[in-house]
Number of protein chains: 2
Amino acid sequence: MNKTTSHNIVIVDDHSLFASSLEKLVNSFNNFNVLYHAKNGRDLQQKLKDYSELPEIILLDLNMPVMDGFETMEWLHENHKEIKVLVLTMEDDERKILKMLSNGAKGYLLKDIHPDKLNEALVQTLEKGYYHSEKVAESLLHSLHSNDTEKPTFKEREIDFMKLACSEMTYKEIADKMNLSPKTIDGYRQDLFNKLDVKNRVGLVIYALKNDISKI
Amino acid sequence: MNKTTSHNIVIVDDHSLFASSLEKLVNSFNNFNVLYHAKNGRDLQQKLKDYSELPEIILLDLNMPVMDGFETMEWLHENHKEIKVLVLTMEDDERKILKMLSNGAKGYLLKDIHPDKLNEALVQTLEKGYYHSEKVAESLLHSLHSNDTEKPTFKEREIDFMKLACSEMTYKEIADKMNLSPKTIDGYRQDLFNKLDVKNRVGLVIYALKNDISKI
DNA sequence: TTTAAAAAAGGGTTTTTCCCTGTTTTCTAT
DNA sequence: ATAGAAAACAGGGAAAAACCCTTTTTTAAA
């Protein structure tokens with residue numbers, strides 16, 4: 001492996017064990033080299049300044065403290081359009097995939113993929129400028145005609161509400177916490193009851209727990 | 001690094017990207033060598049048979065399809081007591097920690113730890129037979145203290161009621177099903193609220209699920 | 001700029017839940 | 001048998017949840 005021909009990668013992930021492990025893997029690929037990794041978006045901003053060399057590709061996680069993947073993506077799109085970003089996360093939520101891709105991500109990879117796929121993604125991103133797995137393509141198509149009876153899709157705020165509903169809080173308290181009127185919460189509640197075909201709050205709680213929307 | 005003095009590790013994790021990455025990391029440690037990785041418990045059973053060499057330490061994830069970490073731990077404890085198991089997961093739930101340790105796990109590590117900690121854990125597990133982080137020690141102590149205060153005892157009918165409360169039935173419907181007056185049910189409800197220190201039915205449901213009184 | 005859709009609120013009613021306070025029945029131990 | 005304790009039953013009233021229908025505000029799109 002010749003260092004002069006190798007392409008620089010940066011990993012952004014708060015799970016340092018994963019990041020360190022991933023670094024070894026990426027370094028083992030032909031012509032790829034991990035410059036450094038950052039714990040979150042803020043950390044990345046600092047390190048992009050501190051290091052003279054810019055990466056060609058950033059592998060970006062979504063769930064991070066301080067500055068998450070969404071914010072980071074927006075900032076990179078504004079300030080470093082030349083860096084190609086591949087999202088690398090466990091979240092296979094359709095909404096999130098679409099959000100990141102429309103914010104300029106060049107690809108969306110799930111953490112349970114085979115290492116060869118990652119290598120392929122990196123190579124293809126350099127060559128073609130993007131990489132889209134079958135899964136992502138599927139999601140995109142699915143989102144176009146999602147009239148089927150499968151898992152309903154939730155809005156961000158609905159998910160927030162469901163999580164809070166899985167607690168001893170009253171709806172009024174939930175409204176306060178979400179900075180919304182109790183009436184708006186009542187609207188979310190009603191929509192969810194209809195959408196999920198449940199009769200009351202306990203039914204909603206059970207649904208949320210069954211589908212890993214909330215954990216106890 | 002001398003291969004004859006290096007200790008064999010096996011990784012059990014369905015996230016193949018993480019597993020492959022972790023393999024590189026572990027191989028980079030002094031005197032450790034990853035034999036192979038398995039996608040789940042079933043896969044592990046097969047590979048333990050197929051390979052002539054047994055690992056000294058298994059790094060085990062919890063959330064896996066087909067055969068999860070809990071089942072796998074039980075099986076290993078029955079059939080391969082000589083292999084030391086370190087749980088490596090994202091779940092920091094106290095009950096899961098206790099469950100795995102009482103099933104014979106030699107340590108419990110979170111995936112966001114620093115790589116050095118993993119190295120330390122592996123070394124210590126070989127030397128002392130176990131590795132317990134501060135977090136795990138905390139959980140154990142906490143569970144001991146909470147042992148005295150809690151664990152209320154339930155009557156048969158109270159348990160029946162709790163199970164039914166974890167459904168969309170109203171108290172009236174539960175009363176019908178249990179052949180009791182709604183007011184009697186109201187009495188059970190009240191007693192349980194006081195006994196368990198919960199505010200409302202959702203609190204009761206969460207308690208019942210957490211303590212395996214009811215399953216969903 | 002008009003239009004349409006989605007999100008957020010409001011008003012008002014019924015049902016369920018919650019909580020306090022009791023009475024009656026059942027069981028059990030002396 | 002009988003007092004004491006637990007279990008079952010119950011009334012009244014306040015609060016929360018559930019339900020339904022309408023209106024305003026925000027957002028995105030044509």
Side-chain angles (χ1 to χ4, degrees), chain A residues 70 74 77 93-96 98-104 140 143-147 152-209 213-214, chain B residues 152-209 213-214:
Chain A
F70 300 102
E74 279 175 32
H77 201 233
D93 181 7
E94 208 164 84
R95 292 191 115 75
K96 290 178 178 167
L98 288 171
K99 193 170 170 184
M100 291 305 283
L101 292 180
S102 66
N103 274 348
L140 287 169
S143 74
L144 284 179
H145 35 89
S146 58
N147 50 350
T153 68
F154 300 109
K155 296 155 214 152
E156 297 275 342
R157 296 296 269 172
E158 274 183 336
I159 290 173
D160 295 342
F161 164 66
M162 271 196 278
K163 284 179 183 171
L164 292 171
C166 296
S167 78
E168 296 191 38
M169 274 190 272
T170 66
Y171 288 140
K172 188 174 176 322
E173 288 168 338
I174 292 173
D176 279 353
K177 192 145 202 167
M178 290 179 69
N179 291 315
L180 292 171
S181 151
K183 280 297 176 181
T184 305
I185 292 299
D186 194 50
Y188 285 141
R189 182 197 57 69
Q190 187 111 345
D191 286 349
L192 284 169
F193 280 18
N194 290 333
K195 191 149 60 176
L196 306 178
D197 198 30
V198 298
K199 286 188 185 66
N200 50 40
R201 183 160 164 184
V202 175
L204 181 65
V205 168
I206 290 170
Y207 179 91
L209 294 174
I213 289 157
S214 178
Chain B
T153 155
F154 300 111
K155 296 163 221 157
E156 289 286 325
R157 298 295 271 171
E158 273 184 337
I159 291 173
D160 295 341
F161 165 66
M162 270 197 280
K163 285 179 183 171
L164 292 172
C166 297
S167 76
E168 296 190 39
M169 275 189 274
T170 67
Y171 290 140
K172 191 176 174 320
E173 288 167 339
I174 292 174
D176 279 353
K177 191 144 203 167
M178 290 179 70
N179 291 314
L180 293 171
S181 151
K183 279 299 177 179
T184 304
I185 291 300
D186 195 46
Y188 285 140
R189 182 196 56 69
Q190 185 101 347
D191 285 350
L192 284 170
F193 279 19
N194 291 332
K195 192 147 62 177
L196 306 178
D197 198 32
V198 298
K199 285 190 185 66
N200 51 41
R201 182 159 166 185
V202 175
L204 181 66
V205 169
I206 290 170
Y207 178 92
L209 294 175
I213 289 157
S214 177

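Every value quoted in this text rests on a predicted model; they were computed, and no experiment measured them. Proteins get letters first, then strands, A, B, ... in listed order; numbering begins at 1 in each.
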So if I take residues 173-187 of chain B and measure heavy-atom distances to DNA chain C, which residues fall below 4.0 Å?
B:Lys183, B:Asp186

Closest to the side chain of A:Asn200, out of C:dT17, C:dC19, D:dA18, is D:dA18

Is it true that, when you exclude B:Asn194 itself, more than 12 heavy atoms of the residues, nucleotides or ligands shown sit nearer than 6.0 Å to its CG?
yes

Are any side-chain N or O atoms of A:Asn103 and backbone N or O atoms of A:Glu74, one a donor and one an acceptor, separated by less than 3.5 Å?
no

Whole angstrom value for the distance that separates C1' of D:dA6 from CG of B:Asn194:
16 Å

Ion pair present between A:Asp160 and A:Arg157, side-chain N to carboxylate O less than 4.0 angstrom?
yes

Let me know the distance between CD of A:Glu156 and P of C:dA7, rounded to the nearest Å.
11 Å

What is the distance from CG of A:Asp191 to C1' of D:dC20, rounded to the nearest Å?
13 Å

Apply salt bridge (charged side-chain N to carboxylate O under 4.0 Å, His left out) to A:Arg189 and list each qualifying residue two or more places apart in sequence or on a separate chain.
A:Asp186

What is the separation between atom CZ on A:Arg201 and atom C1' on C:dT16, rounded to the nearest whole Å?
14 Å

Please state whether the phosphate of D:dC19, meaning OP1 or OP2, lies under 4.0 angstrom from any side-chain nitrogen or oxygen of A:Arg189.
yes

Verify the neighbour count for atom NZ of A:Lys195: are there more than 12 heavy atoms of other residues, nucleotides or ligands below 6.0 Å?
yes

Working for side-chain contact (heavy atoms from CB on, under 4.5 Å), residues A:Leu180 and A:Phe161
CA-CA 11 Å; A:Leu180 292 171; A:Phe161 164 66; over 6 Å; no

Under-4.0 Å side-chain N/O to phosphate OP1/OP2 contact, B:Gln190 with C:dC20
yes

Do side-chain atoms of B:Glu173 reach the backbone of B:Thr170 as a donor and acceptor pair under 3.5 angstrom?
yes

Would you mind reading off the bend of the helix from C:dT2-D:dA29 to C:dT30-D:dA1 from its two end axes, five pairs each, to 10 degrees?
40°

Listed partners of B:Lys155 passing salt bridge (charged side-chain N to carboxylate O under 4.0 Å, His left out), at least two apart
B:Glu158

Pairing residues for A:Asp176 by the salt bridge (charged side-chain N to carboxylate O under 4.0 Å, His left out) criterion, not counting sequence neighbours:
A:Lys172

Would you find more than 12 non-hydrogen atoms of other residues, nucleotides or ligands less than 6.0 Å from B:Asp197 atom CG?
no

Please step through side-chain contact (heavy atoms from CB on, under 4.5 Å) for the pair A:Met169 and A:Leu164, ending with a clear verdict.
CA-CA 7 Å; A:Met169 274 190 272; A:Leu164 292 171; 3.4 Å; yes

Looking at A:Lys199, I'd like to know whether one of its side-chain N or O atoms comes within less than 4.0 Å of OP1 or OP2 on D:dA18.
no

Selection: residues 157-172 of chain B, any non-hydrogen atom under 4.0 Å of DNA chain C:
B:Thr170, B:Tyr171

Please report, rounded to the nearest Å, how far the C1' atom of D:dC20 is from the CZ atom of A:Phe193.
14 Å

